[in-house]
Amino acid sequence: MSNLPSSAIDDLKAAARGQVLTPGDAGYDDARKIWNAMIDRRPAVIIRCAGAADVCKAVNFSREHNLIVAVRGGGHNIAGTAVCDDGVMIDMTPMRSVRINPWSATAYVEPGVTLADVDGEAQAFGLAVPLGVNSTTGVAGLTLGGGFGWLSRRYGMTIDNLLSVDIVTADGTLQHASEQENPDLFWAIRGGGGNFGVVTLFEFKLHPVGPIIYGGLVVLPLDQARDALVKYRTELQTMPDELAVWAVLRLAPPLPFLPPAVHGKPMVAFAICYTGDPQDGPAAVDAIRKLGTPYGEHLGPMPYTAWQKAFDPLLTPGARNYWKSHNIETLQDGLIDVLVNAVESLPSPQCEIFLGCIGGATMRVPPTAMAYPHRSTQFAMNVHGRWDDHKDDANCIAWSRKVFQDAKPYSQGGVYVNFMTEEESGRVGAAYGPNFDRLVEVKKRYDPGNLFRHNQNIRPV
Ligand SMILES: Cc1cc2nc3c(=O)[nH]c(=O)nc-3n(C[C@H](O)[C@H](O)[C@H](O)COP(=O)(O)OP(=O)(O)OC[C@H]3O[C@@H](n4cnc5c(N)ncnc54)[C@H](O)[C@@H]3O)c2cc1C
């Protein structure tokens, strides 16, 4: 436990505009809860920041009292970096403003917002920025690790659309970082996670999207998965950037368009989002419909904001989660075999394997242009170990690790930092590849004491 004098907490409470919570306070337990129920940590202090001034105070307080700092955005990080034991949790969730400037197609986004907040505001003007595929994810953590989703093949990673940030660095000062101002800091935060400070404002470039897109799901029996994935691999070579198709292998959920007899049966689903003219949608997705003879399909025009929420019911907070991830350049036959075999031995009905297709525009940026280096990655392959009962921990973790190991020979060796799990600090080098040494230099300059280390840590040595 920390030895914080109560007078220090009283001073902080008097100085802060937002709430300051300590163990026993009403709201403390709710504030320390995050998406992954495997994580149960008790900070000494939670500062629920109302603005940048509170963030400066929180950073100074942590440094002066020599306390570890955890920064919380949407609380989705699988490794649970948003909450620490005994230290200070800087909780950004009260800072939830999104301002869209439709004339310049830019968005000013505070760090407590979720994807749904940004999508909702931007879509009112027919605009969007590439974000992830689960609307309750925090924009802050997603962006700082890189960020990709349905729009990335067309418009790049989230960081490819980041114009500037306001950020409180370890010395407690607020800085502006962009290509023109503090460019080394701006380079580092585009993929370098929370290593360099606490972002208090993001400025994004927006693009015309929807508001109606064409998309949905095509669900095939697992015994067609090998064939279908090989055909999918071929289709990808000529797919337009407007079309994003991800694959997921799991047991069929009770979706209304699937006959009840196939609920719970092993399957591969292709999730499709076409952002070109919706009238061209049926032709654009035709080849994907013909990958096999489906159990069922549900395709059509729908609001982009609805598609952004389509996977929320499968990714609700409160379950136990253990994920393992590889970056993949090509879906080799051997990998396809590993994935299909893995679904034949699922330890829980919620476990699944996701092939998140990045590709397209994300590959047309040099790997050293910003901290995120994985510009030759076609897929982030994610083994989602997910279950409810702690008695299943060992079984589900062992399954995830085995699939990860079996898939390793077919991977690129790199990993998306935002999918790294708690005990994977040894993979930080793999997450940054050719950019690691430069990141260490920037870290030495902006955080020489490693105040921001409760993350996938880039050490200043
Ligand atoms: C269900 C689910 C779906 C996902 N889907 C996608 C997806 O489609 N695409 C994708 O790219 N990723 C996806 N992710 C991964 C996601 O990008 C990471 O989990 C990310 O860390 C979430 O950000 P957050 O703000 O919610 O997390 P938090 O846990 O709140 O924060 C994670 C870390 O980010 C840093 N951080 C957060 N806010 C700040 C800030 N203001 N300043 C400085 N550092 C900060 C801190 O180090 C913090 O510990 C998904 C995750 C989940 C759980």
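For ligands, and for the atoms within them, numbers begin at 1 and follow the listed sequence.
- Short contacts between ligand 1 and Gly132, defined as distances under 4.0 Å to a heavy atom of the residue, involve ligand atoms 7 (C), 8 (O), 9 (N).
- Although no hydrogens or angles enter the test, the distance criterion places no donor-acceptor pair under 3.5 Å between the side chain of Glu242 and the main chain of Gly276.
- The protein heavy atom nearest to atom 21 (O) of ligand 1 is Asn77 ND2, 3.1 Å.
- Considering backbone and side-chain N/O atoms, Asn418 comes within less than 3.5 Å of an N/O atom of ligand 1.
- Nearest to atom 38 (N) of ligand 1 among the protein's heavy atoms is Ala140 CB, 3.4 Å.
- Close approach of ligand 1 to Gly194 (heavy-atom distance below 4.0 Å) involves ligand atoms 44 (N), 47 (O).
- Remark: distances from the non-hydrogen atoms of Gly193 to ligand 1 are all 4.0 Å or more.
- Ring geometry for His65 versus Phe61: interplanar angle of 30 to 60°, hence tilted.
- Below 4.0 Å from some heavy atom of Leu144 lie the following atoms of ligand 1, by number and element: 39 (C), 40 (C), 42 (N), 43 (C), 44 (N), 45 (C).
- Asp119 contributes no side-chain N or O that, together with a main-chain N or O of Thr305, makes up a donor-acceptor pair within less than 3.5 Å.
- Taken to the nearest 0.5 Å, the CD atom of Gln378 stands 6.5 Å off from the CZ atom of Arg153.
- Centroid-to-centroid, the aromatic rings of Trp399 and Trp323 stay 6.0 Å apart or farther.
- We find the OG1-CG distance between Thr106 and Asn101 to be 4.0 Å, quoted to the nearest 0.5 Å.
- Using cut-offs of 30° and 60° on the angle between ring planes, the pair Phe354 and His384 is tilted.
- Scanning Thr158, Leu131, Val199 for the heavy atom closest to atom 41 (N) of ligand 1 points to Val199.
- Only side-chain heavy atoms of Pro111 come within less than 4.0 Å of ligand 1; its backbone N, CA, C and O stay farther off.
- Residue Trp323 places a heavy atom under 4.0 Å from ligand 1.
- When only non-hydrogen protein atoms are considered, atom 11 (O) of ligand 1 lies nearest to Tyr416 OH, 2.6 Å.
- Residue Arg72 approaches ligand 1 through these ligand atoms, each under 4.0 Å from one of its heavy atoms: 30 (O).
- Using cut-offs of 30° and 60° on the angle between ring planes, the pair Trp150 and Trp246 is tilted.
- Within the structure, ligand 1 lacks Gly149 among the residues with a heavy atom less than 4.0 angstrom away.
- Each of Ile458, Val198, Asn195 was scored for a side chain to side chain contact (heavy atoms under 4.5 Å, CB included) with Phe452, with one residue passing: Val198.
- Less than 4.0 angstrom separates some heavy atom of Val198 from each of these atoms of ligand 1: 42 (N), 43 (C).
- Remark: ligand 1 atoms within the under-4.0 Å shell around heavy atoms of Leu142 are 9 (N), 10 (C), 11 (O), 12 (N), 13 (C), 17 (O), 20 (C), 22 (C), 23 (O).
- Distance CZ/Phe186 to CD/Gln175: 14.0 Å, rounded to 0.5 Å.
- With Arg48 contributing its side chain and Gly18 its backbone, the two residues share no donor-acceptor pair below 3.5 Å.
- Within the 3.5 Å criterion, the main-chain N or O of Ala252 finds no donor-acceptor partner in the side chain of His263.
- Between Gly73 and ligand 1, a contact under 3.5 Å exists for at least one N or O pair.
- In terms of protein heavy-atom proximity, atom 4 (C) of ligand 1 is nearest to Thr137 OG1, 4.1 Å.
- Residue contacts with ligand 1 leave out Gly80, since none of its heavy atoms falls under 4.0 Å from the ligand.
- Remark: among candidates Thr200, Asn455, Asn134, Leu115, the nearest residue to atom 1 (C) of ligand 1 is Asn134, based on non-hydrogen atoms.
- Of the candidates Phe419, Phe452, Phe354, Phe148, it is Phe419 that places a heavy atom closest to atom 14 (N) of ligand 1.
- Taking a cutoff of 4.0 Å between a charged side-chain nitrogen and a carboxylate oxygen, Glu329 and Arg233 do not qualify as a salt bridge.
- In terms of protein heavy-atom proximity, atom 24 (P) of ligand 1 is closest to Gly74 N, 3.4 Å.
- Taking the charged nitrogens against the carboxylate oxygens, Asp30 and Lys33 do have a contact shorter than 4.0 Å, which makes a salt bridge.
- One distance of note links CZ of Phe204 with CG of Leu162; it measures 5.5 Å at 0.5 Å rounding.
- Atom 26 (O) of ligand 1 has Gly138 N, 2.9 Å as its closest protein atom, hydrogens excluded (heavy atom only).
- Looking only at heavy atoms of the protein, atom 46 (C) of ligand 1 is closest to Val71 O, 3.6 Å.
- Atom 8 (O) of ligand 1 has Val133 N, 2.9 Å as its closest protein atom, hydrogens excluded (heavy atom only).
- At a 3.5 angstrom cut-off on N or O pairs, His76 counts as close to ligand 1.
- The ligand atoms of ligand 1 that sit less than 4.0 angstrom from a heavy atom of Thr81 are 32 (C), 33 (C), 48 (C), 49 (O).
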